[in-house]
Amino acid sequence: MAHCPQGVASAAWRDYSNAEEKPYHLVQFPKAACQACQARMLCTRTKQQPRRLHLHPRPEHEALYAARQRFKSEEGKLLYAKRSGVEGTLSQGVRAFGFAAHVIADWQKPICNRW
């Protein structure tokens, strides 16, 4: 069961798969409760439909949560700084020299015929 910021309990949970066949949970809240709620604009932008949540399956959710916690630590911030440096270098290669991801992915190491 999930609760909205105003404390209203969810009405239904359903399992679905997206276009890439990745599973997710759709959580819906009662339409009558959402339409009468004074804080509706804090929960949803739709005019008629109730609040809906798309949630990852539990293993994926826990992995994302752990990764977010790791990146909040000092060690995680240093790791992310290295990653952003590498991404900046790759971006510069694309902009300055025309490298593209498909070119890099298809590139093969040169074969040395000297031995």
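- Residues Val8 and Pro30 form a side-chain contact, since some pair of their non-hydrogen atoms from C-beta on lies under 4.5 Å apart.
- In Tyr65, the OH atom is not crowded: 12 or fewer heavy atoms of neighbouring residues, nucleotides or ligands sit closer than 6.0 Å.
- Closest approach of Ser73 and Gly76 over heavy atoms only: OG-N, 3.1 Å.
- Counting heavy atoms from C-beta outward, Phe29 and Leu53 have side chains that approach closer than 4.5 Å.
- Taking Met1 as the reference, His3, Ala9, Ser10 meet the side-chain contact (heavy atoms from CB on, under 4.5 Å) condition, with sequence neighbours excluded.
- Residue Leu26 belongs to a hydrophobic cluster whose other members are Tyr16, Tyr24, with links defined by side-chain heavy atoms closer than 4.5 Å.
- When the shell of 6.0 Å around NE2 of His25 is examined, it contains more than 12 heavy atoms from other residues, nucleotides or ligands.
- Taking each heavy atom of Pro50 and Cys34 in turn, the nearest pair found is CB-SG, 3.7 Å.
- Around CD of Glu62, the count of heavy atoms belonging to other residues, nucleotides or ligands within 6.0 Å exceeds 12.
- Pro5 places a side-chain heavy atom less than 4.5 Å from the side chain of Cys43.
- Between His56 and Leu64, the closest side-chain pair of non-hydrogen atoms falls below 4.5 Å.
- Separating the CZ atom in Arg40 from the OG1 atom in Thr46 is a distance of 4.5 Å, to the nearest 0.5 Å.
- Heavy-atom contacts from other residues, nucleotides or ligands closer than 6.0 Å to CD of Gln69 number more than 12.
- Atom NZ of Lys31 sits about 6.0 Å away from atom CD of Gln48, to the nearest 0.5 Å.
- Checking Arg51 against Gln28 by side-chain atom types alone, no donor-acceptor pair falls below 3.5 Å.
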